Amino acid sequence: MSNASNIAADQQIYNLLIGSYTTNGTEGIYIYRFDAASGNATYLNRTPVGINNPTYLCITTDNRFVYAVNENEGMGSISAFAFDAHEGSINLLNTQPSGAGPCYISVDKQHQHVFAANYVSGSVHVFPINEDGSLAPAERILQEQGTGPNEERQDTSHIHAAMLSPNEEFLFYTDLGTDTLNVYRYQAAEATVGGDKHAVVKVKPGDGPRHIAFSPDHRYLYLVTEMGGNIWVYEHEANGQLSHRQTISMLPEDFTGEASGADIQVSPDGRFLYASNRDGLNEIVSYIIDPKNGMLKFLERQSSGGIEPRSFVIDPTGRYLLVANQKSNIIVSFSIDQDTGLINPTGHTISVDQPSCLALAPVS
């Protein structure tokens, strides 16, 4: 096989990292080899025993390090791992304390900081990254205070996601407890989150912001709400400002249950958007993105193939969508029609106890 053929083959093979809850004795992070030509995955490795509830994780752009939350109701922590992408092996470097109930983690492209969203304590911890990939203690804590109209779910701030803008000049984080999307300036040259809050975006009271996704051209930001089951569409400016363009429901017209929106992803070509509903719906909802204004048009709703589709990922080729159904202990593979955006089960599944997060990384 020629070198060009080898490269083409490698570009269709990825490491699939699976974060999970360890309450039933599972090992934590599982590594599979995913083939984007067939949609199939084969087991490779897992973390050593003793990694507690790595329920959300991220991978550095150089493919050398993995960071994971250790989700606890009390004081949580963040773990750093060295990652051998070729072998599919992972080794713990160190752990740093975070806030209570960490549930989301992201890393900047220059590998200077890790950002952890702490749901229970309502805070974002900003951790510097050491030269060896390990984490230093948090250098800044962004603490939110506030409530929302739902006294049971919004008794205080609950930060659910924290990530940088595509140009990495701003840090965005959602607060389910106060129905806000908050923006701070990220000063890459000084490698720090600086100054006062840059902007605050409010959604409908009681909607409960959860996760966000940017369009590949960076022009639009999409926000899924957990409690309202809505998707909010914003035009995104390079200066960190957002302008509301649309709010569209994820719920069927005749649905009378409790909404539970979860994850949201945009296809690599920017033509389609997908979001997951949990609880009584357990589905992936698909939308067509209008290239002129970023607004959404409903396409279809498809069963997630299990219960509680907490997380899903689209492979970089845009051919497959993998769904982690947390409460039925199964990851289900779907093919994506490249012309229509419709998804269909491939028949390939992975059995993992309480899968909660999926991430893909190149093998080389």
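Worth saying up front: this structure is predicted, and the values here are computed from it rather than measured. Numbers for residues simply follow the sequence, beginning at 1.
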Is it the case that one hydrophobic cluster holds both Ile59 and Leu92, taking links as side-chain heavy atoms less than 4.5 Å apart, direct or via other members?
-> yes
Say you draw a straight line from CZ of Arg185 to OG of Ser165; how long is it, rounded to the nearest 0.5 Å?
-> 9.5 Å
Given side-chain contact (heavy atoms from CB on, under 4.5 Å), test Gln154 with Met227 step by step and report yes or no.
-> CA-CA 10 Å; Gln154 298 180 305; Met227 297 162 56; 3.8 Å; yes
Look up atom CD in Gln12 and atom OG1 in Thr317, then write down how far apart they are to the nearest 0.5 Å.
-> 7.0 Å
Are Leu322 and Ile330 grouped together when hydrophobic residues (ILVMFWY) are joined by side-chain heavy atoms under 4.5 angstrom apart?
-> no
Which pair of heavy atoms, one from Ser20 and one from Pro355, lies closest together, and at what distance?
-> CB-CA, 4.1 Å
State, yes or no, whether a side-chain contact exists between Leu281 and Pro252 at a heavy-atom distance under 4.5 Å.
-> yes
Compute whether any side-chain donor of one residue and acceptor of the other, for Asn45 and Ser89, lie under 3.5 angstrom apart.
-> no
Classify the side-chain pair Ser215/Asp217 by whether it contains a donor and acceptor separated by less than 3.5 Å.
-> yes
Mind listing the closest non-hydrogen atom pair of Gln265 and Ala213 along with its distance?
-> CA-CB, 4.5 Å
Do side-chain atoms of Asn167 reach the backbone of Ala238 as a donor and acceptor pair under 3.5 angstrom?
-> yes
Taking the side chain as C-beta and beyond, is there a heavy-atom pair between Asn118 and Ile159 under 4.5 Å?
-> no
Under 6.0 Å between ring centres, would you say that holds for Tyr186 and Phe115?
-> yes
Verify whether one side chain among Ser333 and Thr346 offers a donor that lies under 3.5 Å from an acceptor in the other.
-> yes
Is there a donor-acceptor pair closer than 3.5 Å between any side-chain N or O of Arg210 and the backbone N or O of Ala262?
-> yes
Examine Phe65 together with His111 and report whether their ring centres are nearer than 6.0 Å.
-> no
Angle class for the Tyr56/Tyr104 ring planes (parallel below 30°, perpendicular above 60°, tilted otherwise)?
-> parallel
On a heavy-atom basis, the closest approach of Glu87 and Asp84 is N-OD1, 2.9 Å
Enumerate the residue pairs fulfilling ring-ring contact (aromatic ring centres under 6.0 Å, His included) with a member in residues 24-46, sequence neighbours excluded, ordered by first and then second residue.
-> Tyr32-Tyr43, Phe34-Tyr320
Can you tell me if Arg271 uses its side chain to pair, donor with acceptor, with the backbone of Asp339 under 3.5 Å?
-> yes
Between Gly294 and Tyr222 the two heavy atoms that sit nearest each other are O-OH, 2.6 Å
Do Glu139 and His113 come within less than 4.5 Å of each other through their side chains, counting heavy atoms only?
-> yes
With Arg33 as reference, evaluate Asn40, Thr42, Asn15 under the side-chain hydrogen bond (donor to acceptor under 3.5 Å, both in side chains) test and give the passing residue.
-> Asn15
Atom of Leu181, atom of Leu242 and distance for their closest heavy-atom approach | CD2-CD1, 3.5 Å
Ile314-Ile13 co-clustered via ILVMFWY side chain contacts under 4.5 Å | no
Measure the spacing between CZ of Arg140 and CZ of Phe127 and express it to the nearest 0.5 Å.
-> 14.5 Å
Ser157 versus Glu144, side-chain donor and acceptor atoms under 3.5 Å = no
Please answer whether the main-chain N or O of Thr55 pairs with a side-chain N or O of Asn53 as donor and acceptor at a distance below 3.5 Å.
-> no
Does the side-chain contact (heavy atoms from CB on, under 4.5 Å) test come out yes or no for Tyr184 and Tyr173, once each step is laid out?
-> CA-CA 9 Å; Tyr184 268 88; Tyr173 60 91; 3.2 Å; yes
Counting distance only, does the side-chain N/O of His236 pair as donor-acceptor with the main-chain N or O of His218 below 3.5 Å?
-> yes
Short question: side chain of Asn325, backbone of Ser328 - any donor-acceptor pair under 3.5 Å?
-> no
Give the C-alpha distance, both sets of side-chain angles, the deciding distance and a yes or no for side-chain contact (heavy atoms from CB on, under 4.5 Å) between Lys297 and Ile289.
-> CA-CA 7 Å; Lys297 179 182 178 181; Ile289 298 176; over 6 Å; no
Between atom OG of Ser260 and atom CG of Leu251, what is the distance when rounded to the nearest 0.5 Å?
-> 10.0 Å
Taking the side chain as C-beta and beyond, is there a heavy-atom pair between Leu176 and Glu226 under 4.5 Å?
-> yes
Taking Gln338 for the side chain and Ile336 for the main chain, is one N or O donor matched with an acceptor at less than 3.5 Å?
-> yes
Backbone N or O of Ile343 within a donor-acceptor pair of the Glu300 side chain at under 3.5 Å?
-> yes
Compare all side-chain heavy atoms of Val114 with those of Ile105 and state whether any distance is below 4.5 angstrom.
-> yes
Taking all non-hydrogen atoms of both residues, which atom of Met250 and which atom of Ile231 are closest, and how far apart?
-> CG-CG1, 3.7 Å
Is a side-chain donor or acceptor of Asp263 paired with a backbone partner of Phe312 at a separation under 3.5 angstrom?
-> yes
Common cluster, Val352/Val69, ILVMFWY with side-chain heavy-atom separation under 4.5 Å | no
Any Gln354 side-chain heavy atom under 4.5 Å of Asn329 side chain = yes
To the nearest 0.5 Å, what is the distance between OG1 (Thr247) and CE (Met295)?
-> 9.5 Å
With a 4.5 Å limit on heavy-atom distance, are the side chains of Phe172 and Phe214 in contact?
-> yes
Could you go through the side chain to side chain donor-acceptor pair (under 3.5 Å) check for Thr174 and His211 one step at a time?
-> CA-CA 7 Å; Thr174 59; His211 283 189; over 6 Å; no
Are the side chains of Val266 and Tyr220 in touch, meaning some heavy atoms are under 4.5 Å apart?
-> no
Does atom NZ of Lys197 have more than 12 heavy-atom neighbours, drawn from other residues, nucleotides or ligands, at distances under 6.0 Å?
-> yes
Heavy-atom neighbours of Gln143 CD exceed 12 at 6.0 Å = yes
No-hydrogen, no-angle side-chain donor-acceptor test under 3.5 Å, Asn182 and Asp175 | no
Could you tell me whether the side chains of Ser79 and Asn70 share a donor-acceptor contact shorter than 3.5 Å?
-> yes
Spacing of Asn130 atom CG and Leu135 atom CG [to the nearest 0.5 Å] | 7.5 Å
Taking it one step at a time, do Ile29 and Ile18 satisfy side-chain contact (heavy atoms from CB on, under 4.5 Å)?
-> CA-CA 5 Å; Ile29 300 174; Ile18 305 168; over 6 Å; no
For side chain to side chain donor-acceptor pair (under 3.5 Å), just list the numbers for Ser335 and Asn344, CA-CA rounded to whole Å, side-chain angles, deciding distance to a tenth of an Å, and then say yes or no.
-> CA-CA 5 Å; Ser335 63; Asn344 289 286; 4.8 Å; no
Measure centre to centre between the rings of Tyr234 and His244, then say whether the value is under 6.0 Å.
-> yes
Looking only at side chains, do Asn282 and Ser304 share a donor and an acceptor under 3.5 Å apart?
-> no
Among Val124, Leu171, Ile141, side chain to side chain contact (heavy atoms under 4.5 Å, CB included) partner for Val193 = Leu171
Donor-acceptor under 3.5 Å (Asn277 side chain, Glu283 main chain) | no
